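Input: a single structure, listed below in C-alpha cells.
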Amino acid sequence: MDFSFTEEQLMIQDVARRIAQEKIAPSAEHHDQTGEFPLDNIRLLGENGLMGIEVPEAYGGAGMDPVAYVLAMVEVAAADAAHSTIMSVNNSLFCNGILTHGTEAQKQLYVSAIAEGREIGAFALTEPQSGSDATAMRCRAVKQADGSFVVNGKKSWITSGPVAKYIVLFAMTDPDKGARGITAFVIDTARQGFGRGKTEPKLGIRASATCEIEFNDYVVNADEVLGNEGEGFRIAMGVLDAGRIGIASQAIGIARAAYEATIEYVKERKAFGQPIGAFQMTQAKIADMKCKLDAALLLTLRAAWVKGQGQRFSNEAAIAKLTASEAAMWITHQALQIHGGMGYSKEMPIERYFRDAKITEIYEGTSEIQRLVIARHETGLR
Ligand code: COS
C-alpha cells in the first residue's frame, strides 16, 4: 500500500489550491452574501482543466484520475463550498455521465463545452414530490413515430439550473416498468419548451444557483437520448455514485477550512490567563476533529481509488459521503462552539462553513439513503 500521490495528482492539487486561494477565497463572503453566480471564476477553473478533471484531453478535460478529482475538489471547497458545488455537478454529474454512456457525437458536442468551462451543465432527477424515492418521478417523455420524444413535467432543486446550457434529464418513458421505465436525455436549455421556475433561497452554498425547471412539449431528438431507452435509472444511480465522491470531497474541504481556522484561533484566544487550546476540553475537541477529518479523507481517497481501478464503487462512495458529510457537520459545529460569539458572527467565515456543511448531508442522497445503500450491500437484504 502506497499513501503518496503522483506528480500529476500533486500538480492539479497545486493548480486548484492556487486558484482557490488567490481568486475564490477573497470573494467567498461576497458571493455568500449576494448569492451572485461566480461565472468568471468558473470559467477560470474550466480553463485550468478543473471542470473536467477526469475528462480525457481529447474532449477538453485534464485527463486525470478520480484521486486527482478529490484533491482538487477539497482545495476549491476549502475556499468556497458554492464554487465546489458547481464544479462537482459539471465534473461528476454531467461530464461523467456522458463520458460513460454517451455516443461519440454526444461526447464531442457536450463534454468539451462543459469541461473547458465555456458552458455550465446540470443534472435533473429530483422533482417536487420525489427526492430519495427517485423512481416516483412524474416527468414524462413520450416517444414519437420518428424516434424523438416529447417531454412534459417539472424538476426541482436543479443545481446550476438558472445558468445551465445543457442538462442531463431523467424522465419516465414507460411508467408500467418502474425503475426500468426511465430514460436519460440531454437537454439544450436554449430550445423551445424549456422554462425556468423559481430560484431557491438557500441556507448555504448561496452562490450556486438552484431553481425549478419545466418542460412543456419540449422535443428531444432521437440522437439526444443518453444510453438506451429504459436504462435511465441505472445511469442516474451510477452517476450519483461518482457524484458522492465529489460531495464527500466538498465536505472535507469545508471541514478542513473550519478545522484550520480553529487551530489558529485556539492558539491566539486567551481565557483565564492562557490560550484556550491549552484547556483539555478544547484539546479533546481538536483531537476528535482531526480524527474525523483524516478518516473522511482516507475513506474518500479509497472510494476514488476503487473507481480508478474500474471496479464497482457504490458502497465505498456511500461510506465516504456518509462519513465525510457527518464529519463536516460535526467539525463545523465544534468550530463554531470553540469560536463562541466570533463563530456566530458574520465577521468570520465559521458560520458560513457551518451553513454550507449541512447540504452535504442532504443532496446526492441523504445520510439515510447512504445508510440504506451500505446496509443493503453489507447484508444483501432489502
Ligand atoms: N449503480 C448502478 N445500478 C444501480 C445502482 C448503482 N449504484 N443502484 C441501483 N441500481 C440498479 C439496480 O441494480 C436495479 O437494476 P435492475 O432493475 O436491472 O435490477 C435498479 O437500479 C433499481 O434498483 P433498486 O431496486 O435498488 O432501487 P430502489 O428503488 O430500491 O432505490 C435507492 C434505491 C433508494 C438507493 C435509490 O433510489 C437512491 O439512491 N435514491 C436517492 C436518490 C438521490 O440520491 N437523489 C438525490 C438526487 S441528486 S441531488
Side-chain angles (χ1 to χ4, degrees), residues 81-82 84-94 96-97 100-101 121-139 154-161 164 167-184 200 202 204-205 208-213 226-248 250-251 303 306-307 310-322 325 358-382:
S84 67
T85 299
I86 303 159
M87 179 176 165
S88 101
V89 170
N90 277 356
N91 273 278
S92 316
L93 300 191
F94 191 89
N96 176 60
T100 313
H101 302 281
F123 176 89
L125 177 69
T126 299
E127 296 185 7
Q129 80 298 327
S130 68
S132 296
D133 184 8
T135 55
M137 69 176 63
R138 291 185 192 150
C139 185
K154 240 185 205 180
K155 293 280 169 180
S156 55
W157 287 103
I158 307 308
T159 299
S160 297
I167 301 180
V168 173
L169 169 78
F170 299 89
M172 195 58 93
T173 41
D174 190 345
D176 295 338
K177 290 192 178 156
R180 292 183 180 191
I182 293 169
T183 301
E200 297 293 343
K202 306 191 295 291
I205 54 162
S208 83
T210 313
C211 74
E212 276 189 355
I213 57 173
L226 182 61
N228 296 317
E229 218 177 310
E231 228 182 39
F233 189 73
R234 287 203 295 117
I235 292 176
M237 291 301 113
V239 166
L240 281 170
D241 286 342
R244 288 165 188 170
I245 295 178
I247 302 309
Q250 173 182 49
V306 176
K307 178 172 187 275
Q311 296 164 20
R312 176 96 182 240
F313 59 96
S314 310
N315 198 37
E316 287 81 2
I319 293 170
K321 183 184 183 277
L322 177 63
S325 59
K358 185 60 207 172
I359 190 62
T360 66
E361 292 184 319
I362 299 172
Y363 61 12
E364 299 199 23
T366 59
S367 294
E368 289 75 6
I369 290 294
Q370 307 312 322
R371 287 190 163 87
L372 177 150
V373 170
I374 297 162
R376 279 184 179 181
H377 182 272
E378 294 302 309
T379 63
L381 299 171
R382 29 176 310 124

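Indexing begins at 1, ligand by ligand and atom by atom, following the structure's order. Given the structure is predicted, the values throughout are model-derived calculations rather than measurements.
In this structure the side chain of Ser88 reaches within 4.5 angstrom of the side chain of Glu364, judged on heavy atoms. Looking only at side-chain heavy atoms (C-beta outward), Ile374 and Asn315 come within less than 4.5 Å of each other. Counting only heavy atoms from C-beta outward, the side chains of Ile235 and Val168 never approach each other to under 4.5 Å. In this structure, Lys202 and Trp157 have side chains that are in contact, with non-hydrogen atoms separated by less than 4.5 Å. Proximity of His377 to Ile319: side-chain heavy atoms (C-beta onward) are nowhere separated by under 4.5 Å.
Contact annotation: for Trp157 versus ligand 1, there are no heavy atoms closer than 4.0 Å. Residue-level proximity to ligand 1 for Ser132 is carried by the backbone, the only part with a heavy atom below 4.0 angstrom. Contacts between Val373 and ligand 1 below 4.0 angstrom, taking non-hydrogen atoms only, involve the side chain exclusively.
Using a distance-only test at 3.5 Å, with no hydrogens or angles considered, a donor-acceptor pair links the side chain of Glu127 to the main chain of Arg138. Remark: the backbone N or O of Thr360 is paired with a side-chain donor or acceptor of Lys321 at under 3.5 angstrom. In this structure a side-chain-to-backbone donor-acceptor pair under 3.5 Å is missing from Arg244 to Ala320. Distance alone, capped at 3.5 Å, is enough to place a donor-acceptor pair between the Asn90 side chain and the Gly121 backbone. In terms of modelled atom types and a separation under 3.5 Å, the side chain of Glu212 and the main chain of Lys154 share no donor-acceptor contact.
When only non-hydrogen protein atoms are considered, atom 16 (P) of ligand 1 lies nearest to Arg180 NH2, 3.2 Å. In terms of protein heavy-atom proximity, atom 28 (P) of ligand 1 is closest to Arg376 NH1, 4.2 Å. Shortest contact from atom 49 (S) of ligand 1 to any protein heavy atom: Glu364 N, 3.3 Å. Counting protein heavy atoms only, atom 6 (C) of ligand 1 is closest to Arg312 NH2, 3.1 Å. The nearest heavy-atom contact from the protein to atom 45 (N) of ligand 1 is Gly131 O, 3.7 Å. For atom 11 (C) of ligand 1, the closest non-hydrogen atom on the protein side is Arg234 CG, 3.6 Å. Of all protein heavy atoms, the one closest to atom 46 (C) of ligand 1 is Gly365 N, 3.7 Å. From the protein, the heavy atom lying nearest to atom 23 (O) of ligand 1 is Phe233 CE2, 3.8 Å.
Inclusion of Arg382 in the set of residues having an N or O under 3.5 Å from an N or O of ligand 1 is warranted. For the pair Phe123 and ligand 1, the shortest N or O to N or O distance does not fall below 3.5 Å.
Counting the atoms of ligand 1 from 1 in the order shown, those under 4.0 Å from a heavy atom of Leu240 are 43 (C), 44 (O), 48 (S). Atom numbering of ligand 1 starts at 1 in the shown order; those under 4.0 Å from a heavy atom of Asp241 are 1 (N), 6 (C), 7 (N). Residue Thr126 approaches ligand 1 through these ligand atoms, each under 4.0 Å from one of its heavy atoms: 47 (C). Every atom of ligand 1 is numbered from 1 in the order shown, and the set under 4.0 Å from a heavy atom of Gly238 is 1 (N).
Within the 4.0 angstrom cut-off, atom 38 (C) of ligand 1 has one or more protein heavy-atom neighbours. In this structure, atom 32 (C) of ligand 1 has its sub-4.0 angstrom surroundings free of protein heavy atoms.
For atom 10 (N) of ligand 1, the nearest non-hydrogen atom from the set Arg244, Met237, His377 comes from Met237.
With 3.5 Å as the limit, one finds no donor-acceptor pair spanning the side chains of Ser208 and Thr85. For Thr159 and Tyr363, the side-chain atoms include no donor-acceptor pair closer than 3.5 Å.
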